[in-house]
Each structure stands twice: as C-alpha cells, then as structure tokens.
Amino acid sequence: MRPIGNTKAIMGKELYSYFASPVAYVFIIIFLMLSGFFTFNISQFFDANQASLRGFFHWHPWLYLFLVPAAGMRVWSEERRAGSLELLFTLSTTTTQAVVGKFIAGAIFLGLALVGTLPLVLTVNSLGSPDNGAVFCGYVGSFLTALVFLSISTLTSALTKNQVVAFIVSVVICLLVILCGWPPVTNMFSWAPTWIVDAVASFSIMPHYQGLQRGVISLDAVIYAFSLIAFCLFATDVVLKTRRA
C-alpha cells in the first residue's frame with residue numbers, strides 16, 4: 001500500500017497548492033466566463049432555438065489550448081525553480097509516483113472546473129429536451145481533451161525550469177495536436193505517400209473529439225487519448241529520472 005500512499009500524498013499536496021494560490025480560482029473563473037461568452041455570444045445559443053450544447057462543447061479545445069498549459073506550466077517548473085525537486089526525491093517517493101500523483105491532482109482540478117458548467121445543462125433541460133446522452137459524451141470528450149493537454153503540459157514543464165517557456169512550448173504542441181488533421185496541414189504533405197499523410201492526420205485530436213460531441217464513445221477515441229497521456233507521462237518520468245541520476 002506504500003506506493004499508493006505516496007501517490008495520494010503527492011496528489012493531496014499538489015491539489016492543495018492549486019487552491020492555496022490564486023491559480024485555481026483565476027482558472028475556473030476565466031474558464032466559466034469564456035465558456036459562457038462563446039456559447040451565448042459567439043455560438044448564439046438562444047438564436048439557434050435548439051436544446052443542444054454543441055456550441056458549448058465546440059469551443060472547449062480552443063479554451064484548453066491556452067488555459068490548460070497556463071495551469072500545467074508550474075507542475076514541475078516551479079519545483080525545479082524553487083529547488084524542491086531534489087528534496088522531493090530524497091524522500092521514499094519514486095518519480096513514477098510523483099508524476100502520477102501530480103497528474104491526478106491536475107485531472108481533479110480540471111474536472112472541478114468542468115463541474116462548474118453543470119448549471120448550463122440544467123438550463124438546457126429546463127428549456128427543452130436535449131439528448132442528454134450526447135451531452136454526457138460531450139463532457140467525456142471535453143475532459144479527455146483537457147487531460148491530453150495536461151499531460152503535454154506536464155512533460156514540457158519537466159523539460160525546463162522556466163514557466164513561460166513551458167507554457168509557450170505546450171501551446172505550440174497542443175495546437176499541432178488540434179491542427180495536424182486539418183486539410184491545409186495535410187495538404188503540405190501532398191508530396192508524401194498516402195500512409196504518411198494518414199499517419200500525420202491520425203495524431204489530430206479533433207476527429208475523436210467531434211465524434212464524442214455527436215454522442216458516440218468510440219474505442220478509438222479512448223485508446224487515442226489514453227495512449228497519448230501514457231506516452232507523455234512516461235516521457236516525463238524518463239526526463240525526471242535523468243535529472244535525478
């Protein structure tokens with residue numbers, strides 16, 4: 001039970017650090033405000049005259065593109081800047097336990113931000129009869145997208161002690177994950193064999209996210225998300241073990 005106890009201790013410490021500073025509150029407030037703005041002002045929720053949250057979920061990857069790296073840039077960069085990384089690893093905690101614990105804390109934090117949007121679901125149900133199955137799938141897709149971006153931000157944060165650099169690199173990588181299946185991007189590889197173009201496009205998160213928005217939880221989408229998360233966390237673990245050696 002010791003490994004689980006260490007992971008829980010790291011998770012609790014990290015989760016406390018979120019709410020002990022303005023980071024959590026600023027993130028949640030900005031996320032809720034921007035979600036409402038894009039849903040009601042940009043997507044014209046009331047003018048659409050439909051009991052649907054498609055317009056609400058449509059903007060989530062673009063909100064996460066900046067907000068999740070902003071929340072995740074400090075995960076390891078702050079430990080390295082403050083010199084507490086060495087102290088953390090002098091304890092009985094392994095790098096794997098620390099990586100998993102910090103990631104779970106970030107996942108809980110992002111989940112709480114999403115829970116704050118549930119009044120919108122109640123509003124839609126009071127106005128009509130939405131497909132709540134599709135709404136549920138939309139939340140699953142949104143949460144998985146946030147976790148993918150968080151894992152990327154965790155990796156970049158482990159690579160540098162500069163939080164600004166970690167933020168910028170995270171945004172760039174997350175943007176590539178969004179756009180790599182976009183026709184203007186795949187058209188850049190028109191000279192390449194079809195299998196290369198398909199391989200580049202397969203790294204895009206958007207087809208999987210859009211499928212979940214339509215109310216379809218496919219095995220491909222789940223495998224894609226968890227594979228990318230596992231790879232980023234594994235890479236983070238390798239980076240930290242290298243620095244620990």
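By convention here, the first residue in the shown sequence is residue 1.
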Please tell me if the side chains of Phe136 and Asn132 come closer than 4.5 Å, counting only heavy atoms from C-beta onward. no

Mind listing the closest non-hydrogen atom pair of Ser204 and Cys180 along with its distance? N-SG, 3.0 Å

Enumerate, atom names and distances included, each donor-acceptor pair closer than 3.5 Å involving a side-chain atom of residues 26-35, sequence neighbours excluded.
from  : atom 1 : to    : atom 2 : distance (Å)
Ser35 : OG     : Phe31 : O      : 2.8

Taking all heavy atoms of Cys137 and all of Ile217, pick out the closest pair and write down the distance. SG-CG1, 3.4 Å

Minimum heavy-atom distance between Gln213 and Arg54, given as atom pair plus value: NE2-O, 3.3 Å

Could you check whether any side-chain N or O of Ser142 sits under 3.5 Å from a backbone N or O of Gly138, counting only pairs where one atom can act as donor and the other as acceptor? no

What is the ring orientation for His208 with Tyr224, classed by angle as parallel under 30°, tilted 30 to 60°, or perpendicular over 60°? parallel

If you measure from CD1 on Ile173 to CG on Leu65, what distance do you get to the nearest 0.5 Å? 11.5 Å

Per the side-chain hydrogen bond (donor to acceptor under 3.5 Å, both in side chains) rule, which among Ser153, Ser157, Ser17 passes with Arg74? Ser17

If hydrophobic clusters are built by linking Ile, Leu, Val, Met, Phe, Trp and Tyr wherever their side-chain heavy atoms come under 4.5 Å apart, do Ile108 and Trp76 end up in the same one? yes

According to a hydrophobic-cluster definition based on side-chain heavy atoms being under 4.5 Å apart (Ile, Leu, Val, Met, Phe, Trp, Tyr only), do Leu144 and Leu176 belong together? no

Quick one: CD1 on Ile152 to CZ on Phe231, what's the gap to the nearest 0.5 Å? 10.0 Å

When you measure from the side chain of Asp237 to the backbone of Leu233, do you find a donor-acceptor pair of N or O atoms at a distance under 3.5 Å? no

Which atom pair, heavy atoms only, marks the closest approach of Phe19 to Tyr25? O-OH, 3.0 Å

Under 4.5 Å between any side-chain heavy atoms of Phe103 and Ile229, yes or no? yes

Which atoms form the tightest heavy-atom contact between Trp62 and Phe66, and what is the distance? O-CD1, 3.8 Å

Thr156 vs Met73, test: side-chain contact (heavy atoms from CB on, under 4.5 Å). Steps then yes/no. CA-CA 7 Å; Thr156 60; Met73 66 183 183; over 6 Å; no

Return yes if some donor-acceptor pair links the side-chain N/O of Tyr209 with the main-chain N/O of Phe57 below 3.5 Å, else return no. yes

ILVMFWY network linking Val164 to Phe149, side-chain heavy atoms under 4.5 angstrom: yes

OG1-CG distance between Thr154 and Leu159, expressed to the nearest 0.5 angstrom: 11.0 Å

Nearest heavy atoms of Pro61 and Ile178, plus distance in Å: O-CD1, 3.8 Å

In Å, rounded to the nearest 0.5 Å, how long is the span from CZ of Phe234 to OG1 of Thr96? 9.0 Å

Sole residue of Phe38, Tyr64, Phe37 in ring pair (Phe, Tyr, Trp, His ring centres under 6.0 Å) with Trp59: Phe38

Evaluate the ring planes of Phe109 and Tyr18, with Trp represented by its six-membered ring, and classify them as parallel (under 30°), tilted (30 to 60°) or perpendicular (over 60°). parallel

Derivation and outcome, side-chain contact (heavy atoms from CB on, under 4.5 Å), residues Val238 and Thr242: CA-CA 6 Å; Val238 170; Thr242 301; 4.3 Å; yes

Roughly how far apart are Thr145 OG1 and Ile205 CD1, rounded to 0.5 Å? 4.0 Å

Calculate, to the nearest 0.5 Å, the distance between atoms CD and NE2 belonging to Gln210 and His58 respectively. 8.5 Å

hydrophobic_cluster_shared for Val177 and Ile168, side chain cutoff 4.5 Å: yes

When hydrophobic residues are tied together by side-chain contacts of less than 4.5 Å, even through go-betweens, does Leu150 share a cluster with Leu212? no

